[in-house]
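One-based numbering, in listed order, for ligands and for the atoms of each. Here the structure is a predicted model, which means the values were calculated and not measured. Scope of the values below: all heavy atoms of this structure, side chains included, with no hydrogens, waters or symmetry mates.
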Amino acid sequence: MPESAKRLNLVQKIIQAHLVSGNPVAGEEVGIKIDQTLTQDATGTMAYLQFEAMGIPTVQTQLSVSYVDHNMLQTGFENADDHRYLQSVAAKHGIYFSRPGNGICHQVHLERFAVPGMTLLGSDSHTPTCGGLGELSIGAGGLDVAVAMGGGPFYMTMPKVLRVELKGKLQPWVTAKDIILEVLRRLTVKGGVSKILEYTGQGVKSLSATERATITNMGAELGATTSIFPSDENTREYMKAQGRGKDWTPLTADPGATYDEELIIDLNKLEPLIAQPHSPDNVIEVSKLKNVDVQQVCVGSCTNSSYRDLMAVAKMLKGRHIHPSVSMTVTPGSKQVFEMIAQNGALTDIIASGARIIESACGPCIGMGQAPPSGGVSIRSFNRNFEGRSGTRDAKVYLASPEACVACALTGKITDPRTLGKPVKVEVPEKFTLDDDGIIPPAKDPKKVEVLRGPNIKPLPIKEPLGETLEGEVLLKVADNVTTDHIMPAGSKVLPLRSNIPAISEFVFNIIDPTFPKRAKEAGGGFVVGGENYGQGSSREHAALAPMYLGLKAVLVKSFARIHRANLINFGILPLTFVQASDYDSISQGDKLEIPDLKQVIKVDHPFPVKDLATGKSVQVVHSLTDRQKEIIMAGGLLNWTKLKNAAAPAGKPVAAPKAKPAKKEKVK
Ligand code: MIC
Ligand code: SF4
């Protein structure tokens, strides 16, 4: 091997050590072995129904954890039914169960399970949080996670590796959140698509593990496959304080390693930043926003709810009072954080200030309560501010650091925290409070476990295999950057229906056009036409599954977000990209489209025509499917494909979940 080939960056090292198939060259499909998986309840019920359908008795990963953190408002039987199902199915199949109240999946996984150099696949787009500890952590649809639990590889297009060099040191009141907001300002919400961000440079040393996790968490908003930091002394310090020092290994890029792209951020020059409505990349200096009245402030979410963040909030609030026109909520990210701030008295300072305390869960971040008032301004330490996501259609949600949030809560206006005087400082504790009572291990005798299903859990709809021709109406035409929150909204009314596809499908595209479900059913399905970065945001496969149930056959766009495109394929919906982006303009909502010789065009890799029967014109599109994906689409989705393969395979050898070949001997160093 030539000397230069050995100089690997951190991403290449981990991928090499987990490679099951393919050549890890940007743009080619690779399959990687997955060491750990995580699910959360809103995506987990489907993932476990799919895992059960595979007929594999015990998960084949080193560790699989099922978290309950999203659907926490039990306003009816639905969420409680799902929790009970998740607990029993976990016990039966070798999965750890993190109970409701134990915390937000990403925060708890970072605290208790993440290991540098391992791979983690999670059915939540913010799975990259654990990249803060040097774990290669990727968000995916529930079906992909189910396959990984069965021991199957995770397939992805090998991303480019973008080196982000952090120079200098953060100035007082400037935080990790401001670093990722700056990256978002520079790269935009589609700037990370098909990329992994690897952080390097002197500035890395000054960031604690949870500060790094804030940055890798919100890398999801760039559309990146994931983000990762090296594992160094700070990683060791954190893992030791979590009683997991023995799981620590140092891990960094080789000196002289090469990268596909580079970005340099000078921390000395950063100021407190804020993302304005309605996109996480609409970033500006906080100091530039003057005289904006604030009605709500929320600190929490998987981005900013660590011990460090909550202590900073408590120190700022100590002896002060929330402005009378502001409602402030504070959410500790985990039971560990909650217990610790209760033990050391910080919680008292938060309560005394007039803030409202919320249980450790996603809560307001996903519209589970705390919707702002009509037209209200809400400043949040969260990661997404898409229109309507808060539960109030016309609310104006801004994203900022916990420190900037508190500054706004104290003054009632958008306020630069630097105006508050001496900055607060929080040290990483020498020892975190360790109490894993909220994590229930799998049953010792799985045969005795009965899986409990309530009436909320309905069977998974399955699509027909592909026909000879694809034809139908353009049911909807949408603009750039449409999010999965637009396609399949969440919030307290809709999220409880995640295990019931017929019921949840009535809300598809509700924010854009509430007539969509009725029209789609009446038309017998059809097409959606979209702009750039279609399907950005969450990993929810319901944004493919529910439209599939309504008859969606193909989506034609200028470009896709990674996870959503993978979910469309998994559920048999054809993802097509315009060869000429300007052809988007020639198609109108209501036009009838036709793709003849479907099976033939799927087989080829070059552009093919889609006929617009309304205008008589044809537009050229590509599907960019790999051979494996072509088979999946022809079969009508991954579940059908698996069944077909299993029928053809020798008895007892399921195909969708072949045991990944053992990782290459080479250890990640
Ligand atoms: C989100 O932040 O949008 C969610 C809710 O966590 C989603 C998952 C889901 O929709 O269940 C995500 O980020 O993947
Ligand atoms: Fe939960 Fe919000 Fe994080 Fe999604 S982004 S996992 S809803 S806290």
Side-chain angles (χ1 to χ4, degrees), residues 38-47 66-73 79 82 86 98 100 103-110 121-130 137-142 144-145 180 213-214 216-221 223-224 226 280 298-306 309 329 331-334 337 358-370 380-386 388-391 397 399 483-492 494-499 504 507 535-546 561-564 566-567:
L38 72 76
T39 57
Q40 41 88 344
D41 49 321
T43 53
T45 47
M46 278 297 147
S66 168
Y67 293 90
V68 177
D69 54 2
H70 281 64
N71 267 322
M72 301 283 281
L73 291 182
N79 295 344
D82 286 358
L86 290 168
S98 174
I104 306 174
C105 55
H106 310 302
Q107 175 63 28
V108 178
H109 208 84
L110 189 82
L121 193 72
S123 61
D124 191 281
S125 65
H126 290 102
T127 303
T129 312
C130 290
S137 315
I138 303 177
D144 284 335
V145 176
I180 186 62
T214 292
T216 53
N217 170 285
M218 217 174 156
E221 274 52 70
T226 188
C298 303
V299 173
S301 92
C302 54
T303 317
N304 277 116
S305 59
S306 65
D309 291 333
T329 70
T331 308
S334 67
V337 174
I358 304 185
E359 67 173 327
S360 293
C362 299
C365 178
I366 193 58
M368 274 284 162
Q370 309 302 328
R380 301 173 163 210
S381 73
F382 305 171
N383 48 40
R384 289 185 175 144
N385 58 347
F386 305 142
R389 180 174 160 105
S390 66
V397 177
L399 308 170
T483 72
T484 49
D485 279 293
H486 290 107
I487 305 170
M488 185 71 264
S492 58
V494 184
L495 263 189
L497 305 173
R498 283 286 179 93
S499 314
I504 206 169
F507 295 89
Q536 68 157 328
S538 88
S539 70
R540 65 189 69 144
E541 60 192 358
H542 298 75
L545 187 46
R562 173 186 65 91
I563 309 180
H564 186 59
N567 286 337

>> I need the atoms of ligand 1 closer than 4.0 Å to a non-hydrogen atom of Asp124, numbered in the order shown.
In response: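 Within the 4.0 Å cut-off of Asp124, ligand 1 contributes 4 (C), 6 (O), 7 (C), 8 (C), 12 (C), 13 (O), 14 (O).
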
>> Distance under 4.0 Å to a non-hydrogen atom of Ser539: what atoms of ligand 1 satisfy this?
In response: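 This gives 12 (C), 14 (O) as the contact atoms.
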
> Which option, His126, Arg389, His70, Arg498, owns the non-hydrogen atom nearest atom 2 (O) of ligand 1?
Replying inline: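 Nearest option to atom 2 (O) of ligand 1, by heavy atoms: Arg389.
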
>> Could you work out, for atom 12 (C) of ligand 1, the closest of Ser538, Gly122, Gly139, Ala42 by heavy-atom distance?
In response: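 Residue with the shortest heavy-atom distance to the ligand atom: Ser538.
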
>> Counting only nitrogen or oxygen atoms and a 3.5 angstrom limit, does Ser123 reach ligand 1?
In response: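 Between Ser123 and ligand 1 (N or O atoms, distance only) the closest approach is not under 3.5 Å.
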
> Could an N or O of ligand 1 be found under 3.5 Å from any N or O of Thr43, whether backbone or side chain?
Replying inline: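 Thr43 vs ligand 1: no N/O contact under 3.5 Å.
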
> Is ligand 1 less than 4.0 angstrom away from at least one heavy atom of Met488?
Replying inline: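 No, Met488 has no heavy atoms under 4.0 Å from ligand 1.
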
Taking [atom] as the reference point, the nearest protein heavy atom with its distance:
{"atom": "atom 13 (O) of ligand 1", "answer": "Ser125 OG, 2.6 Å"}
{"atom": "atom 8 (C) of ligand 1", "answer": "Gln40 NE2, 3.2 Å"}
{"atom": "atom 10 (O) of ligand 1", "answer": "Arg540 NE, 2.6 Å"}

> Under 2.8 Å from atom 1 (Fe) of ligand 2, which protein N/O/S atoms are there?
Replying inline: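 Listed by chain and number, the nearby protein N, O or S atoms are Cys362 SG.
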
For [X] and [Y], which I'm curious about, is there any donor-acceptor pair between the side chains at under 3.5 Å?
{"X": "Arg389", "Y": "Ser538", "answer": "no"}
{"X": "Ser499", "Y": "Asp82", "answer": "yes"}
{"X": "Thr303", "Y": "Asn383", "answer": "yes"}

> With distance as the sole test, does Ser137 use its side chain to make a donor-acceptor pair with the main-chain N or O of Thr129 at under 3.5 Å?
Replying inline: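 Answer holds: no.
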
>> Check whether Asn71 reaches the backbone of Asn79 with its side chain - one donor and one acceptor, N or O, closer than 3.5 Å.
In response: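 Not a single qualifying donor-acceptor pair exists.
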
>> Suppose I only count heavy atoms of Asn383 and a 4.0 Å limit; which atoms of ligand 2 are within that range?
In response: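 Matching atoms, with element in brackets: 5 (S).
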
>> If the condition is side chain to side chain donor-acceptor pair (under 3.5 Å), which residues does Ser539 pass it with, not counting sequence neighbours?
In response: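 Side chain to side chain donor-acceptor pair (under 3.5 Å) list for Ser539, sorted by chain: empty.
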
>> Going by side chain to side chain donor-acceptor pair (under 3.5 Å), name the residues that satisfy it together with Arg380, two or more places apart in sequence or in a different chain.
In response: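 For Arg380 the side chain to side chain donor-acceptor pair (under 3.5 Å) partners, ignoring immediate neighbours, are Gln296, Ser378.
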
>> Just to be sure I read this right, does ligand 2 sit under 4.0 Å from the backbone of Arg389, its side chain, both, or neither, counting only heavy atoms?
In response: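 Answer for Arg389: side chain.
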
Hey, does [Y] have a side-chain heavy atom less than 4.5 Å from the side chain of [X]?
{"X": "Val397", "Y": "Phe382", "value": "no"}
{"X": "Val145", "Y": "Asp124", "value": "no"}
{"X": "Gln107", "Y": "Ser306", "value": "yes"}

>> For Ser125, run the side chain to side chain donor-acceptor pair (under 3.5 Å) check against Glu221, Arg384, His564 and tell me which one passes.
In response: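 Testing Ser125 for a side chain to side chain donor-acceptor pair (under 3.5 Å) against Glu221, Arg384, His564 leaves exactly one candidate, Arg384.
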
> Which residues satisfy the ring pair (Phe, Tyr, Trp, His ring centres under 6.0 Å) test with His126, sequence neighbours excluded?
Replying inline: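 Listed in chain order: nothing, the list is empty.
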
